[in-house]
**Student:** 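Structure incoming, see below.
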Amino acid sequence: MVERVFIVTGAAKGIGFACARRLLEDGNKVVLADINQADGKKALIELASGEERALFVECDVSNKLEVHNLVAETLSAFGRIDGLVNNAGIAVKGGSLDLSVTDFDRVLAVNLRGAFLVSQAVAKYMVDEIESREDRSRLTERPYSIINMSSINDTVALPDYLAYTVSKGGLLQMTRSMALELAPYGIRVNAVGPGSVKTDMLSGVAGDALEKIHSRTPLGRVALPDEIAGVVSFLAGEDSSYITGQCIYVDGGRLALNYTMPPRAPTEGI
Ligand code: NAI
């Protein structure tokens with residue numbers, strides 16, 4: 001069987017790194033894209049030292065030229081693109097009264113415009129590829145999949161992370177809009193909505209509020225990056241062939257929590 005090729009953005013660490021590792025374990029080739037060259041190169045060595053199944057490309061997803069370079073380098077190395085995980089993201093603190101316009105723009109530029117730019121470049125490649133086929137009835141031969149790393153904050157708001165919350169709300173609607181647009185080509189577009197995941201971003205955002213997060217999470221703990229990567233693997237593969245336009249929330253029950261349920265006592269561990 002031909003190996004499928006996936007691009008994962010923000011793959012140098014955290015959730016993106018776990019997704020890249022899982023997609024490689026699943027037998028795919030993976031391009032790790034990240035703005036952080038040092039961490040990206042380290043990640044590549046850790047994941048695929050001496051192998052030719054992975055590649056690191058330095059890329060700021062908010063920069064259109066760098067995104068085009070990412071797609072070009074992927075095609076030059078592996079000759080095809082079958083899937084994309086739009087995972088790169090940043091969170092900057094600030095609400096409507098104190099967030100600077102610069103910070104608002106910066107968060108939206110990475111989390112929303114970045115995901116748009118990479119999706120657009122990859123989707124154009126996929127559509128061109130499909131349209132060049134003689135037999136359009138065999139659409140499912142190359143099952144293309146685009147996956148956006150959203151958040152429970154696409155639905156429930158953080159008052160002190162306004163731009164982040166807005167960006168994830170936008171990403172959810174972009175997922176749905178692109179899913180409808182690309183469905184006629186058999187290209188599936190979905191999102192994953194994590195609750196709280198043990199990464200550097202969570203340490204920065206949650207600070208000492210971890211106990212509060214545990215108490216509002218029915219499973220009583222935060223997730224490990226691999227628990228998000230498993231759902232990405234599912235959405236990337238054939239077992240999810242009839243799922244498009246959806247967001248799968250991986251939140252330990254957080255969105256289902258009703259105020260009639262007593263708060264959960266903090267647990268040791270993760
Ligand atoms: P992280 O901060 O640990 O890793 C983010 C990666 O993205 C880093 O390697 C960073 O260099 C890269 N990156 C940042 N800006 C970039 C840019 N302009 N271009 C390319 N790469 C860039 O973050 P984490 O926690 O792994 O988050 C990954 C995604 O998951 C983000 O979209 C985040 O919003 C989302 N998420 C995370 C949650 C958590 O609790 N950690 C919860 C819900 C969603």
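Excluded from the calculations below are hydrogen atoms, water molecules and symmetry mates; all remaining heavy atoms, backbone and side chain alike, are included. Both counts, for ligands and for their atoms, begin at 1 and track the order of listing.
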**Student:** For ligand 1, note which part of Phe17 has a heavy atom under 4.0 Å away: side chain, backbone, both or neither.
**Tutor:**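 None of Phe17 does.
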**Student:** side-chain contact (heavy atoms from CB on, under 4.5 Å) between Leu24 and Phe6: does it pass, once the steps are laid out?
**Tutor:** CA-CA 9 Å; Leu24 279 167; Phe6 282 81; over 6 Å; no
**Student:** Tell me, please: is Ser196 in heavy-atom contact with ligand 1, that is, under 4.0 Å?
**Tutor:**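 Right, Ser196 reaches ligand 1.
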**Student:** Just to confirm my output: which protein heavy-atom neighbour is closest to atom 36 (N) of ligand 1, and how far is it?
**Tutor:**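 Its nearest protein heavy-atom neighbour is Tyr164 OH, 3.6 Å.
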**Student:** Specify side chain, backbone, both or neither for Ile152, according to which of its non-hydrogen atoms lie closer than 4.0 Å to ligand 1.
**Tutor:**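 For Ile152, no heavy atom sits under 4.0 Å from ligand 1.
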**Student:** Pairing donors with acceptors under 3.5 angstrom, does anything connect the side chains of Asn36 and Asp39?
**Tutor:**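 Present: a donor and an acceptor within the cut-off.
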**Student:** Could you tell me whether the side chains of Arg188 and Ser241 share a donor-acceptor contact shorter than 3.5 Å?
**Tutor:**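 Absent: no donor and acceptor within the cut-off.
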**Student:** Counting each atom of ligand 1 from 1 as listed, which ones have a heavy atom of Pro194 under 4.0 Å away?
**Tutor:**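 Close to Pro194: 42 (C), 43 (C), 44 (C).
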**Student:** If you measure from atom 14 (C) of ligand 1 to every heavy atom of Asn87, Val197, Asp39, Ile90, which option wins on shortest distance?
**Tutor:**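 Considering heavy atoms of Asn87, Val197, Asp39, Ile90, the nearest to atom 14 (C) of ligand 1 sits in Ile90.
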**Student:** Flag the pair Lys29 and Glu51 as a salt bridge only when some basic side-chain nitrogen lies within less than 4.0 angstrom of an acidic carboxylate oxygen.
**Tutor:**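 Between Glu51 and Lys29 there is no salt bridge, as every charged N stays at least 4.0 Å from the carboxylate O atoms.
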**Student:** For ligand 1, which part of Cys59 has a heavy atom less than 4.0 Å away: the side chain, the backbone, both, or neither?
**Tutor:**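 It is the backbone that touches ligand 1; the side chain stays farther off.
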**Student:** Based purely on interatomic distance, does Asp34 place a nitrogen or oxygen under 3.5 Å from a nitrogen or oxygen of ligand 1?
**Tutor:**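 By distance alone, the answer is yes.
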**Student:** What do you reckon, does Ile15 have a nitrogen or oxygen under 3.5 Å from a nitrogen or oxygen of ligand 1?
**Tutor:**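 Ile15 vs ligand 1: N/O contact under 3.5 Å present.
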**Student:** Who's the nearest protein heavy-atom neighbour of atom 7 (O) of ligand 1, and how far?
**Tutor:**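 Closest protein heavy atom to atom 7 (O) of ligand 1: Gly10 CA, 3.4 Å.
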**Student:** Residue-level breakdown please: for Val61 versus ligand 1, do any non-hydrogen atoms fall below 4.0 Å on the side chain, on the backbone, on both, or on neither?
**Tutor:**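 Within the 4.0 Å criterion, Val61 contacts ligand 1 through backbone and side-chain atoms alike.
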**Student:** Between the side chains of Tyr249 and Thr155, is a donor N or O closer than 3.5 angstrom to an acceptor N or O?
**Tutor:**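 Yes - a donor-acceptor pair under 3.5 Å links their side chains.
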**Student:** Would Asp226 and Arg21 pass as an ion pair if we require N to O under 4.0 Å?
**Tutor:**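 Answer for the salt bridge query: yes.
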**Student:** I'd like to check whether Asn36 has a polar contact with ligand 1, where a contact means an N/O of the residue lying under 3.5 Å from an N/O of the ligand.
**Tutor:**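 So ligand 1 has no N or O lying under 3.5 Å from an N or O of Asn36.
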**Student:** Side chains of Asn148 and Ser150: donor-acceptor distance under 3.5 Å anywhere?
**Tutor:**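 No, Ser150 and Asn148 have no side-chain donor paired with an acceptor closer than 3.5 Å.
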**Student:** Among Ile228, Leu70, Ile35, Val8, whose heavy atom sits nearest atom 21 (N) of ligand 1?
**Tutor:**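 It is Ile35 that holds the nearest heavy atom.
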**Student:** Classify the side-chain pair Ser233/Asp26 by whether it contains a donor and acceptor separated by less than 3.5 Å.
**Tutor:**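 Side-chain D/A pair, Ser233 to Asp26: present.
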**Student:** Starting from atom 2 (O) of ligand 1, find the nearest protein heavy-atom neighbour and note its residue, name and distance.
**Tutor:**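 Nearest protein contact, heavy atoms only, for atom 2 (O) of ligand 1 is Met201 CB, 3.7 Å.
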**Student:** I'd like to know whether ligand 1 has Ser150 as a neighbour, heavy-atom separation below 4.0 Å.
**Tutor:**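 Contact check Ser150 vs ligand 1: positive.
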**Student:** Charged N to carboxylate O below 4.0 Å: is that the case for Lys13 and Asp200?
**Tutor:**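 Counted as a salt bridge, because a side-chain N and a carboxylate O are separated by less than 4.0 Å.
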**Student:** Taking the side chain from Ser62 and the backbone from Gly114, do they hold a donor-acceptor pair closer than 3.5 Å?
**Tutor:**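 Judged by distance alone, no pair lies under 3.5 Å.
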**Student:** Can you tell me the protein heavy atom closest to atom 30 (O) of ligand 1 and the distance?
**Tutor:**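 Looking only at protein heavy atoms, the one closest to atom 30 (O) of ligand 1 is Met149 CG, 3.3 Å.
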**Student:** Which of the atoms of ligand 1 are close to Gly195, meaning less than 4.0 Å from one of its heavy atoms?
**Tutor:**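 Those qualifying, in numeric order: 40 (O), 42 (C), 43 (C).
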**Student:** When you compare ligand 1 with Val110, is there at least one nitrogen or oxygen pair between them that comes in under 3.5 angstrom?
**Tutor:**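 No; every N/O pair is 3.5 Å or more apart.
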**Student:** Return the CG to OH distance between Asp103 and Tyr164, rounded to the nearest 0.5 Å.
**Tutor:**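 These two atoms lie 15.5 Å from each other.
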**Student:** Would Asp60 count as being in polar contact with ligand 1, using the rule that some N or O on each side must be under 3.5 angstrom apart?
**Tutor:**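 Between Asp60 and ligand 1, an N or O pair is found under 3.5 Å apart.
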**Student:** Which residue and atom name correspond to the protein heavy atom nearest atom 25 (O) of ligand 1, and how close is it?
**Tutor:**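 Ranked first by proximity to atom 25 (O) of ligand 1 is Thr199 OG1, 2.5 Å.
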**Student:** Check Leu180 against Pro184 and note the closest heavy-atom contact, atom names and distance.
**Tutor:**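 Where Leu180 meets Pro184 most closely, the heavy atoms are O-CD, 3.5 Å.
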**Student:** Could you tell me the separation between the CG atom of Asp128 and the CZ atom of Arg133, rounded to the nearest 0.5 Å?
**Tutor:**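 Rounded to the nearest 0.5 Å, the CG-CZ separation comes out at 11.5 Å.
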**Student:** Among all protein heavy atoms in this structure, tell me which lies nearest to atom 5 (C) of ligand 1, with the distance rounded to 0.1 Å.
**Tutor:**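 Nearest protein contact, heavy atoms only, for atom 5 (C) of ligand 1 is Gly89 O, 4.1 Å.
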**Student:** Backbone or side chain, does any N or O of Gly14 fall under 3.5 Å from an N or O of ligand 1?
**Tutor:**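 Not met; the criterion fails.
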**Student:** For ligand 1, which atoms have a heavy atom of Ser151 less than 4.0 angstrom away?
**Tutor:**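 Contacts of ligand 1 toward Ser151, numbered from 1: 43 (C), 44 (C).
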**Student:** Under 3.5 Å, is there a donor-acceptor pair linking the side chains of Thr175 and Asn190?
**Tutor:**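 No pair is found: no donor N or O on one side chain lies under 3.5 Å from an acceptor on the other.
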**Student:** Which bit of Pro225 gets closer than 4.0 Å to ligand 1, counting heavy atoms only: side chain, backbone, both or neither?
**Tutor:**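 Looking at Pro225 and ligand 1, no heavy atom falls under 4.0 Å.
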**Student:** Does any N or O of ligand 1 fall below 3.5 Å from an N or O anywhere on Lys168, backbone included?
**Tutor:**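 Between Lys168 and ligand 1, an N or O pair is found under 3.5 Å apart.
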**Student:** Check for me, please, whether Val122 and Leu32 land in the same ILVMFWY cluster - side-chain distances under 4.5 Å, paths through other members count.
**Tutor:**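 In one cluster with Val122: Leu32, no.
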